[in-house]
Amino acid sequence: MTQNKYVLSWIDEMAAMTQPDKIVWIDGTEEQAEALRAEACSTGEMIKLNQEKLPGCYLHRTAVNDVARVEGRTFICTSKKEDAGNINNWMAPAECYEKLSKLYKGSMKGRTMYVIPYSMGIVGSDFAKYGVELTDSIYVVLNMLIMTRVGKDVLDALGDDPGFIKGLHAKADLDEENRYICHFPEDNTIWSVNSGYGGNVLLGKKCFALRIASYLGRKEGWMAEHMLILGVEYPNGEVKYISAAFPSACGKTNLAMLIPPEIYKKQGYKVWCVGDDIAWIRIGQDGRLWAMNPENGFFGVAPGTNLNSNPNALYTTMKDTIFTNVVHNTAENTVWWEGLDKNPPQPGNAIDWKGNPWDCTKFDKKDKSTCGAHPNSRFTAKAVNCPCLSDQFNNPAGVPLSAIVFGGRRAKTAPLVYQSKNWQHGTFVGSIMASETTAAAAGAVGVVRRDPMAMRPFTGYNMGDYFKHWLDMGKKIPNAPKIFHVNWFRTDDEGNFIWPGFGDNLRVLLWILARCDDKVDAVETAIGYVPKAEDINIEGLEDVTLDTIKELVSVDHDSWKEDIANIKEFYELIGDRVPAELHEELAALEARLG
Ligand code: GTP
Ligand code: SPV
Ligand code: MN
């Protein structure tokens with residue numbers, strides 16, 4: 001499919017190491033994809049679902065020990081350890097290549113190596129970047145066909161250029177002890193072995209579009225961020241765009257596809273989804289920041305997705321979708337997950353994510369092992385099937401940003417929303433983000449950890465340098481978006497969420513956009529500007545009063561002071577590359593808290 005000698009010689013080298021029986025080039029055609037689906041079904045790798053109810057949909061179960069990203073086994077392999085920094089795991093490139101070569105050696109014997117040429121961004125556009133992923137997994141091929149733009153036109157656009165990202169993935173034995181997700185930013189290379197799950201193996205996503213791309217962005221003067229992109233359409237037809245960074249499983253897909261509350265819908269407000277996970281951002285000729293979504297699909301969290309919380313996501317998954325680790329309803333040959341509806345398949349008709357018979361009557365909210373679907377079960381769905389997909393989705397330039405929003409999952413401390421004072425302070429606000437951990441990564445769930453800009457697991461270089469890059473970008477943007485912070489997850493003493501969230505988050509977005517246009521006042525607090533309670537519209541909300549909003553936007557100095565101690569430790573951990581400006585912001589915040 002190509003004469004590119006860099007592509008061809010690299011494939012020869014990788015094939016000599018992994019020793020596949022045959023090599024198949026993925027051309028992006030429907031015929032080839034359909035043949036691969038049939039093959040995956042014949043071996044049990046995938047299950048074809050009820051084609052009347054769910055046309056083009058399939059179910060896949062991963063190995064039980066392989067259900068989420070593994071941050072402890074993810075490495076940034078720069079020649080100097082300081083360039084990876086203290087937040088990333090580091091291995092010397094030569095050592096890592098040697099170690100993994102042994103794991104790859106002969107791992108594809110008796111198997112097929114698929115060659116996937118793919119583009120992040122619109123093929124042939126200025127801002128697109130190309131990759132080739134080699135994998136021995138049909139599941140990975142079929143996911144990449146949904147999540148990225150794949151095919152011969154990518155190779156044509158690459159031409160004779162050596163500038164592509166080389167990704168090698170082998171399932172090997174799925175051995176946890178030898179699972180590695182390794183990045184060589186200086187070599188444009190990603191090596192992943194012994195996993196078959198999502199972010200570990202769909203190498204265009206977190207590995208390339210965030211870790212490698214963040215490294216490239218710093219070198220080339222742009223930004224790769226863990227952000228959704230959405231457009232809010234006003235009744236007069238004007239659309240304003242927002243990007244937002246929340247940690248994994250903290251609400252990006254939901255916010256990106258939100259449906260306005262009834263009172264806003266009636267007036268003609270609409271929300272359009274440009275992206276739900278990753279944004280590549282650069283300065284446009286007009287001096288504004290422009291964001292584009294390099295992906296072509298959604299790899300979304302299934303549990304909790306339903307007709308009330310996120311109908312757009314649910315509709316998106318009703319055709320051409322791969323479901324991973326959800327419940328199989330064998331009576332109807334459909335799927336189910338916790339929070340879909342109140343009708344789980346009954347015992348005898350239900351297989352859980354592990355492939356065992358599942359008894360929904362034994363479900364106990366407090367015991368995750370009784371779940372039918374894994375908490376990090378996912379759908380892989382095509383962007384074009386999303387009912388609220390923005391008409392700018394395929395615009396190679398992306399969309400101009402009015403606001404950047406950071407957010408985390410915090411039971412206390414962080415208010416519903418606050419605005420930073422300026423870009424530098426906004427960068428500080430991003431740098432001190434914290435969130436309770438979720439099932440999206442292996443490890444404990446519900447522990448508060450600092451997750452700057454939601455990029456802790458995804459920055460391909462030193463976190464201190466990353467902060468510096470944010471500050472440097474700010475100096476170069478004539479017309480910078482305003483920076484905010486939100487928290488949909490404050491809880492009462494019984495642990496219930498106080499804010500209704502989901503579609504009602506539009507009420508907060510509209511305050512944010514009004515602030516960007518100087519159309520609404522705010523109250524200055526120690527941490528930044530919070531809304532006057534009466535400026536968050538609560539019309540049509542049942543359990544929310546003016547007092548609820550007052551409580552939600554209150555800034556509790558004592559819990560913030562506790563946070564300061566933790567932030568200091570975190571900055572210490574990042575080390576001496578944390579820019580002086582951020583230390584100054586921290587000292588100023590501490591002084592304001594008294
Ligand atoms: P990744 O794909 O891992 O990056 O996750 P994400 O940030 O896209 O998170 P997603 O939108 O899938 O939401 C994850 C979980 O948070 C789901 O269980 C949602 O139901 C829940 N969630 C999302 N938005 C809200 C909200 O506004 N309020 C509450 N209480 N829960 C929410
Ligand atoms: C995340 O964990 O942030 C995801 C899912 O979006 S994964 O692709 O597994 O990284
Ligand atoms: Mn994500």
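Just so you know, these numbers use all the heavy atoms, side chains as well, and skip hydrogens, waters and symmetry mates. Order of appearance sets the numbers: ligands from 1, and atoms from 1 within every ligand.
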*asked:* Looking at non-hydrogen atoms alone, which of F502, F379, W499 comes nearest to atom 24 (N) of ligand 1?
replied: F502
_Y466 side, atom OH; M223 side, atom CE - distance, nearest 0.5 Å_ = 6.5 Å
*Which heavy atom of the protein is the closest neighbour of atom 30 (N) of ligand 1, given with residue, atom name and distance?*
F497 CD1, 3.3 Å
*Taking the inter-plane angle between the rings of F489 and F497 on a 0 to 90° scale, is it parallel (under 30°), tilted (30 to 60°) or perpendicular (over 60°)?*
perpendicular
*Under 4.0 Å to a heavy atom of P247 - the qualifying atoms of ligand 1, by number*: 7 (O)
*Numbering the atoms of ligand 1 from 1, which are under 4.0 Å from a heavy atom of K252?*
1 (P), 4 (O), 5 (O), 6 (P), 7 (O), 8 (O), 9 (O), 11 (O)
*May I ask you to decide if the ring planes of F208 and W280 are parallel, tilted or perpendicular, using 30° and 60° as cut-offs?*
tilted
_Strictly under 2.8 Å, is the Mn ion (ligand 3) approached by any N, O or S atom of F299?_
no
_Close-contact set for ligand 2 against D277 heavy atoms, below 4.0 Å_ = 6 (O)
*Which of the atoms of ligand 1 are close to R378, meaning less than 4.0 Å from one of its heavy atoms?*
1 (P), 2 (O), 3 (O)
_Nearest option to atom 29 (C) of ligand 1, as decided by whichever heavy atom of W337, W488, F489, F458 sits closest_ = F489
*Who's the nearest protein heavy-atom neighbour of atom 9 (O) of ligand 1, and how far?*
G251 N, 2.9 Å
*Would you mind running through ligand 1 and noting each atom that sits below 4.0 Å from a heavy atom of N254?*
10 (P), 11 (O), 12 (O), 13 (O), 19 (C), 23 (C), 24 (N)
*Would you say K252 contacts ligand 2, with heavy atoms under 4.0 Å as the rule?*
no
_Nearest-contact summary for atom 9 (O) of ligand 2 - protein heavy atom, Å_ = G199 N, 2.9 Å
*Compare R409, H226, R69, M227 and give the one whose heavy atom is closest to atom 16 (O) of ligand 1.*
R409
*W222 and F127 aromatic ring geometry - parallel, tilted or perpendicular at 30°/60° bounds*: perpendicular
*Looking only at N, O or S atoms, find the one in H226 nearest to the Mn ion (ligand 3) and name it.*
NE2
*Is the shortest distance from a heavy atom of S309 to ligand 1 less than 4.0 Å?*
no
*So which protein heavy atom does atom 1 (P) of ligand 1 come closest to, and at what separation?*
A249 N, 3.4 Å
_Close-contact set for ligand 1 against N505 heavy atoms, below 4.0 Å_ = 27 (O)
*Could you list which atoms of ligand 1 come closer than 4.0 Å to a heavy atom of D277?*
4 (O)
*Nearest non-hydrogen atom to atom 18 (O) of ligand 1 belongs to which of A68, A302, P303?*
P303
_Separation between CG of N293 and CG of L230, rounded to the nearest 0.5 Å_ = 12.0 Å
_Y315 atom OH, neighbour heavy-atom count above 12 within 6.0 Å_ = no
*Measure the distance from atom 1 (C) of ligand 2 to every protein heavy atom, then report the residue, atom name and distance (to 0.1 Å) of the closest one.*
K206 NZ, 2.9 Å
